[in-house]
Student: 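My questions all concern the structure below.
Below, chains carry the letters A, B, ... as their sequence lines are ordered, and counting in each starts from 1. Please read these numbers as outputs of a predicted model, since none were measured by experiment. Scope of the values below: all heavy atoms of this structure, side chains included, with no hydrogens, waters or symmetry mates.
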Protein chains: 2
Amino acid sequence: MYEGLEERAIDLGKTASSSDVIYNALRDEIISGHLKAGDSIRQEYIAKVFNVSRIPVREALKRLEAQGLVQNERYKGAVVSSLSNAEIEEIFAIRAYLEPLVIKRSVENIKPQTLADARRYCEEFSDEEDAGKWGEWNRLFHETLYQDANYPFHLKTIREAIDRVDSYIRAQLVLTHGMTRARKEHLEILEACEQGDGDRAAEMIRQHIQGAYASLMEYLKENKDS
Amino acid sequence: MYEGLEERAIDLGKTASSSDVIYNALRDEIISGHLKAGDSIRQEYIAKVFNVSRIPVREALKRLEAQGLVQNERYKGAVVSSLSNAEIEEIFAIRAYLEPLVIKRSVENIKPQTLADARRYCEEFSDEEDAGKWGEWNRLFHETLYQDANYPFHLKTIREAIDRVDSYIRAQLVLTHGMTRARKEHLEILEACEQGDGDRAAEMIRQHIQGAYASLMEYLKENKDS
DNA sequence: CTATTGCATATTGGATCCAATATACAATAT
DNA sequence: ATATTGTATATTGGATCCAATATGCAATAG
């Protein structure tokens with residue numbers, strides 16, 4: 001009796017609220033670049049798309065505002081945040097500062113399953129030509145490698161940092177062979193982790209991030225219009 | 001004509017929304033320790049206290065959740081987040097890692113006005129015996145010294161880190177002469193900044209934070225009950 | 001007496017409605 | 001023609017109401 005029932009029932013209580021669904025959807029739209037910096041987000045429109053009232057939409061917007069992805073002005077509404085070049089520099093600086101620390105700590109007690117997951121994300125995304133999905137695999141790869149650090153606050157900070165620059169990265173990657181280069185670097189980082197060489201992994205992550213920043217700035221210099 | 005009118009009118013458009021007021025109030029209650037870890041926050045009660053409906057209360061709670069100060073469970077409501085010892089260690093670790101970097105960068109182009117502000121917060125709070133207000137002065141002192149780094153994302157991260165541990169610090173400070181020690185260290189840090197010695201300021205900030213962590217852990221070890 | 005079930009109450013999630021403000025545009029004055 | 005003013009519309013902020021779920025307690029079966 002009861003065999004297997006509990007596992008099947010586990011996710012029953014955690015059905016996502018409308019607010020959660022809309023938050024995730026808007027976040028995806030922003031970091032994928034479908035919603036661009038400066039775009040205003042109309043509550044009524046989002047509500048109609050999801051067949052809900054504006055209440056959960058507004059709650060989602062408050063969360064996005066707390067994260068910095070949108071800016072709210074009273075009686076004017078939410079606008080997708082834009083980043084100055086200085087702010088882009090800052091985001092990459094904190095990533096290049098935090099992620100080496102975290103990966104080193106994570107490698108110190110990394111689980112085989114974690115390495116297997118990371119390898120899967122690494123290989124699966126290498127087949128993926130769609131830059132849209134690339135961002136998701138990229139994020140999963142990074143987060144997976146960091147997860148055994150058991151540093152949730154660092155992880156949240158890194159996640160929010162990546163979220164802020166993701167749309168910029170993506171716009172650049174599709175045009176500059178950045179994806180093949182990133183894949184190669186990911187593989188090397190993964191191998192360092194598999195060998196338990198935290199220092200090497202940390203240094204490579206640092207270079208990986210700084211290289212991405214350099215490519216992005218070069219790209220932005222050549223495309224000032226967009 | 002028009003003389004002085006514009007300045008007087010500036011803040012007219014920015015009257016805070018109910019949601020903002022309630023967010024700030026709840027945040028204050030949590031970081032001051034009046035709302036303790038594990039306490040549940042009843043929407044209806046907050047709404048009645050502020051003479052508003054539950055809508056702005058819920059929006060405020062969503063922001064607090066995004067910040068990590070409360071946790072929401074569907075149909076159960078918001079509960080003030082608690083921190084394990086490991087999480088406390090993590091918060092202090094990231095503070096000790098980020099704040100030296102930021103103060104060094106800030107000192108490099110710090111403005112006289114900033115130093116004057118910091119000195120004021122330093123001296124005014126030294127008279128302050130009330131641990132409640134102490135936290136506010138402490139935060140202002142730290143944030144002021146960091147502001148000329150022009151690193152808003154770092155600052156936001158540091159602010160949220162401090163918010164998470166503030167109530168724990170305060171509980172400890174009042175009983176262990178921590179306030180007089182902190183005041184002395186603040187003064188020394190301020191002097192290093194005034195002399196333009198960023199490296200020294202960075203090192204002292206690091207020790208200041210690690211010392212606070214050590215005191216807190218000792219305090220928590222002796223008071224496992226609370 | 002204990003465990004389960006059913007029900008009443010409390011609380012949160014969401015929908016609908018109204019108020020406050022912004023925005024676009026026509027009307028008017030200079 | 002240009003700048004100002006008035007007005008209609010669009011949009012957001014908030015209040016009130018209803019639905020969905022949780023929680024506490026009494027009733028009942030064993």
Side-chain angles (χ1 to χ4, degrees), chain A residues 1-2 5-6 8-27 29-30 35 38-67 69-81, chain B residues 1-2 5-6 8-27 29-30 35 38-67 69-81:
Chain A
M1 214 182 192
Y2 292 145
L5 262 189
E6 291 174 5
R8 281 206 266 166
I10 282 177
D11 44 31
L12 218 80
K14 322 183 176 177
T15 56
S17 65
S18 302
S19 163
D20 288 338
V21 173
I22 291 170
Y23 165 79
N24 285 317
L26 287 177
R27 171 176 171 273
E29 287 298 295
I30 292 171
L35 276 171
D39 287 354
S40 66
I41 301 177
R42 223 58 70 190
Q43 296 174 5
E44 184 67 36
Y45 174 74
I46 308 295
K48 273 206 177 113
V49 169
F50 286 88
N51 270 307
V52 295
S53 77
R54 280 162 46 225
I55 301 287
V57 177
R58 281 160 56 179
E59 290 176 356
L61 289 173
K62 289 293 178 188
R63 290 174 60 183
L64 291 168
E65 184 185 20
Q67 191 176 342
L69 286 179
V70 309
Q71 284 174 312
N72 254 312
E73 206 166 340
R74 207 182 181 195
Y75 295 118
K76 288 190 179 177
V79 175
V80 179
S81 298
Chain B
M1 214 178 190
Y2 293 144
L5 262 189
E6 290 176 5
R8 282 205 267 166
I10 282 177
D11 43 31
L12 218 80
K14 323 182 176 175
T15 57
S17 66
S18 302
S19 164
D20 289 337
V21 172
I22 291 170
Y23 166 79
N24 285 317
L26 286 178
R27 171 176 172 272
E29 287 298 295
I30 292 171
L35 277 172
D39 286 356
S40 66
I41 301 177
R42 225 56 71 191
Q43 296 174 5
E44 184 67 36
Y45 173 74
I46 308 295
K48 271 203 177 119
V49 170
F50 285 89
N51 270 307
V52 295
S53 78
R54 281 162 44 225
I55 302 288
V57 177
R58 281 160 57 177
E59 290 175 356
L61 289 173
K62 288 294 178 187
R63 289 174 61 184
L64 291 168
E65 185 186 21
Q67 193 177 340
L69 286 179
V70 308
Q71 284 173 312
N72 255 311
E73 207 166 339
R74 207 180 181 196
Y75 296 117
K76 289 192 178 176
V79 175
V80 179
S81 298

Student: Any side-chain heavy-atom pair from V79(A) and E73(A) closer than 4.5 angstrom?
Tutor: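 They are not in side-chain contact.
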
Student: Produce a footprint string for nucleotides 10-16 of chain C: one letter per nucleotide, 5' end first; B if the base is under 4.0 Å from any protein heavy atom, S if only the sugar-phosphate is, - if neither.
Tutor: -SBBBBB

Student: Heavy atoms only: give me the nearest A78(B)-V70(B) pair and the separation to one decimal.
Tutor: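 Minimum heavy-atom contact is CB-CG2, 4.2 Å.
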
Student: Please identify each residue that fulfils side-chain hydrogen bond (donor to acceptor under 3.5 Å, both in side chains) with E29(B), with sequence neighbours left out.
Tutor: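 Testing E29(B) for side-chain hydrogen bond (donor to acceptor under 3.5 Å, both in side chains), a comparison that skips the adjacent residues, returns none.
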
Student: Indicate the atoms forming the closest heavy-atom contact of Q43(B) with L61(B), along with that distance.
Tutor: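 Closest pair (atom of Q43(B), atom of L61(B), distance): CG-CD1, 4.0 Å.
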
Student: For the residue pair D20(A) and R74(B), establish whether any side-chain heavy-atom pair is separated by less than 4.5 Å.
Tutor: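 D20(A) does not reach R74(B) side chain to side chain.
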
